[in-house]
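In what follows, a structure is listed as structure tokens, so that the remarks can point back to it.
Just so it is clear: chains get the letters A, B, ... in the order the sequence lines come, proteins before strands, and each one is counted from 1.
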Amino acid sequence: MIDFIPSGPIAAALAASFLIPVTLIVSQWTSWRPQLGRRYRLALAVAWMGWAILFTIVGSFDPWDYLAGGLIMLTATMISFNIWGLLAWGFMLSMLMAAHRQQKPLSRDQWIAAQSGGTYHLFSRNRLTILTNMNLVREEEGMVGITPGMGRMMARIGLLASAWYGIRRIP
Amino acid sequence: MIITSMLSGLIALAAFLIAVQILTRLTTASPVMVYFLTALFIHLGAMAGGAWIYPGLSYWHGATIYWFGFMAYLFAFGAFYKSISLLILQQIYSAQGHRMSLDRVATDIVLPCFTNRIDVMLDGGLVRQEDDKYTLTEQGKKTAGKIAKLQKLFGIDQCGLYDH
């Protein structure tokens, strides 16, 4: 037999992880309605604080219980980020929804415009801004280059990861 | 029993990492499906083995390590395999002098991302093409309707572009 009964911090983490979707739903009705990225960070803050409050109440003397609880919270963070990221910023999903909203046959360029609000150049600009803000690339006179430190390191990690997963990277 | 449980979680995670390295190279099935099925199979095997060797083994300590490792693996896969931002980064890195014109980024990297996704939707039966126009099929409309309900539940009224 296996012991399935969770200790206090583990049970607290299981309960607190549900605060992520609950906060994401509730935050849309607040008068101060933040953008999607901020709403997600707010949901994480509420859930992690909820866990801290709950484990303070239920308590445990075993540090391994807190480690296990923390891992549950991190796992919930990754799951929720994947789902939120897909719904809010998913590329193929947003293309599908753009075609759904238009309710009429679209040429490729019309479809791109419906998805990105402009041309593929606008979408390209949006993605490049992310990389620039993270200091991974730098723009100069119509050219974009990898930054020597962080940019090169991330690009190399990306190439290594592609090799590790053994899957050809599709565009 | 807690340390034993955590060790069993680590051993199961190592078995998962080795198994998916082999299985993804042997099959043409969707890699995410291979990951999920392999993870579930190894988890059940580790539970059965743990209960047989160590009766009274704590479930949660080992399981949290195992599923955290699995999610981290899947998370990184999603980021490196599907992220357009990271694709742009890798392509610029591979270009001469690690530099590329803004126009080439849009035309040679981002535009093929659109056309590739259109092809995936055509293959998946979500969209059909007539002449140079694309229309959602009944299956595509049904899928989009379900996603719209989910987006409404979470109050997502725009999607696609990042807010900075």
Side-chain angles (χ1 to χ4, degrees), chain A residues 1-4 6 10 24-25 28 35-37 64 68 71-72 74-75 78-79 82 87-89 91-97 99-100 105-107 111-112 115-116 120-121 123-124 126-131 133 136-137 142-146 154-155 158-159 161-162 165-167 169-171, chain B residues 2 24-25 31 47 50-51 55-61 64-65 67-68 71 75-78 80-81 84-86 88-90 92-93 98-102 105-106 110-114 116-117 120-121 126 132-136 140 144 147 150-151 153-156 159-164:
Chain A
M1 284 297 287
I2 289 183
D3 178 11
F4 283 106
I10 293 174
L24 285 173
I25 291 170
Q28 68 182 295
Q35 288 181 312
L36 298 176
W64 298 117
L71 289 177
I72 288 173
L74 284 172
T75 307
M78 287 189 285
I79 292 171
N82 273 336
L87 285 174
W89 303 296
F91 184 49
M92 198 160 75
L93 186 142
S94 65
M95 285 187 72
L96 182 72
M97 298 313 289
H100 183 60
L106 299 167
S107 68
W111 197 353
I112 292 171
Q115 190 265 358
S116 63
Y120 58 90
H121 288 272
F123 189 88
S124 176
N126 180 260
R127 262 36 182 189
L128 275 174
T129 305
I130 297 283
L131 297 174
N133 289 348
L136 299 176
V137 298
M143 298 290 285
V144 56
I146 299 277
M154 274 305 292
L159 292 170
S162 299
Y165 284 105
I167 296 160
R169 183 68 161 83
I170 55 162
Chain B
I2 286 176
T24 48
R25 283 165 173 80
M47 271 172 62
L57 188 71
S58 162
Y59 170 77
W60 289 101
H61 296 84
T64 54
I65 287 181
W67 288 112
F68 168 75
M71 266 317 297
F75 191 79
F77 170 78
F80 287 111
Y81 186 56
I84 292 171
S85 309
L86 282 174
I88 292 171
L89 187 74
Q90 286 178 37
I92 297 172
Y93 180 77
H98 308 311
R99 279 160 63 85
M100 199 181 265
S101 72
L102 288 169
V105 171
V110 173
L111 183 59
C113 290
F114 279 103
N116 177 272
R117 264 53 169 201
V120 171
M121 282 190 267
L126 298 173
D132 64 339
K133 298 273 185 178
Y134 300 92
T135 316
L136 287 190
I147 295 164
L150 261 178
Q151 288 184 328
L153 173 71
F154 285 104
I156 297 170
C159 77
L161 296 182
Y162 291 124
D163 39 86
H164 299 296

Which atom pair, heavy atoms only, marks the closest approach of [X] to [Y]?
X: A:Ser107; Y: B:Lys133; result: N-CD, 3.7 Å
X: B:Gln90; Y: A:Ala155; result: CG-O, 4.2 Å
X: B:Ser85; Y: A:Arg127; result: OG-CG, 3.6 Å
X: B:Phe77; Y: A:Tyr165; result: N-OH, 3.1 Å
X: B:Phe154; Y: A:Gln28; result: C-NE2, 3.6 Å
X: B:Arg99; Y: A:Gly145; result: CG-CA, 3.8 Å

Distance (rounded to the nearest 0.5 Å) between [X] [atom1] and [Y] [atom2]:
X: B:Phe80; Y: A:Leu159; atom1: CZ; atom2: CG; answer: 9.5 Å
X: B:Ile88; Y: A:Leu136; atom1: CD1; atom2: CG; answer: 11.5 Å
X: A:Met97; Y: B:Ile156; atom1: CE; atom2: CD1; answer: 10.5 Å
X: B:Met121; Y: A:Trp111; atom1: CE; atom2: CH2; answer: 4.0 Å

What residue among A:Ile10, A:Asp3, A:Leu71 forms side-chain contact (heavy atoms from CB on, under 4.5 Å) with B:His61?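 Of the listed residues A:Ile10, A:Asp3, A:Leu71, the side-chain contact (heavy atoms from CB on, under 4.5 Å) partner of B:His61 is A:Ile10.
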B:Ile92, part contacting chain A, at a heavy-atom distance under 4.5 Å: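 For B:Ile92, the contact with chain A is made by backbone and side chain together.
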Pick one of side chain, backbone, both or neither for B:Leu89, based on which atoms fall under 4.5 Å of a heavy atom in chain A.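 When you check distances to chain A, atoms from both the backbone and side chain of B:Leu89 fall under 4.5 Å.
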I'd like to check the side chain to side chain contact (heavy atoms under 4.5 Å, CB included) partners of B:Met71; sequence neighbours left out, ordered by chain and number.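 B:Met71 satisfies side chain to side chain contact (heavy atoms under 4.5 Å, CB included) with A:Thr75, A:Met78, A:Ile79, A:Asn82, B:Leu74 once adjacent residues are dropped.
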Can you tell which of A:Leu74, A:Leu128, A:Leu24, A:Leu131 has the highest number of heavy-atom pairs within less than 4.5 Å of chain B?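 Max contact count across the listed options: A:Leu131.
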Whether B:Phe114 and A:Phe123 hold their rings parallel, tilted or perpendicular, with breakpoints at 30° and 60°: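 Correct class here is perpendicular.
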Restricting to side chain to side chain donor-acceptor pair (under 3.5 Å), what partner residues turn up for A:Ser124, sequence neighbours left out?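 In terms of side chain to side chain donor-acceptor pair (under 3.5 Å), with neighbours along the sequence ignored, A:Ser124 is linked to no residue.
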Check whether any side-chain N or O of B:Tyr93 sits under 3.5 Å from a backbone N or O of A:Ile146 as a donor-acceptor pair, and report yes or no.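 Not a single qualifying donor-acceptor pair exists.
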Between B:Gln151 (side chain) and A:Leu87 (backbone), is there a donor-acceptor pair under 3.5 Å?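 Indeed, once roles are kept as given, a pair shorter than 3.5 Å links the two residues.
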Can you tell me if CH2 on A:Trp64 sees more than 12 non-hydrogen neighbours from other groups inside 6.0 Å?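 Not buried by this count: 12 neighbours or fewer within 6.0 Å.
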If you count heavy-atom pairs under 4.5 Å between each of B:Asp132, B:Thr135, B:Leu150, B:Leu153 and chain A, which one has the most?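 Most heavy-atom pairs within the cutoff with chain A belong to B:Leu153.
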Which of B:Ile65, B:Val110, B:Leu102 touches chain A most, by non-hydrogen pairs under 4.5 Å: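 Highest number of pairs under 4.5 Å: B:Leu102.
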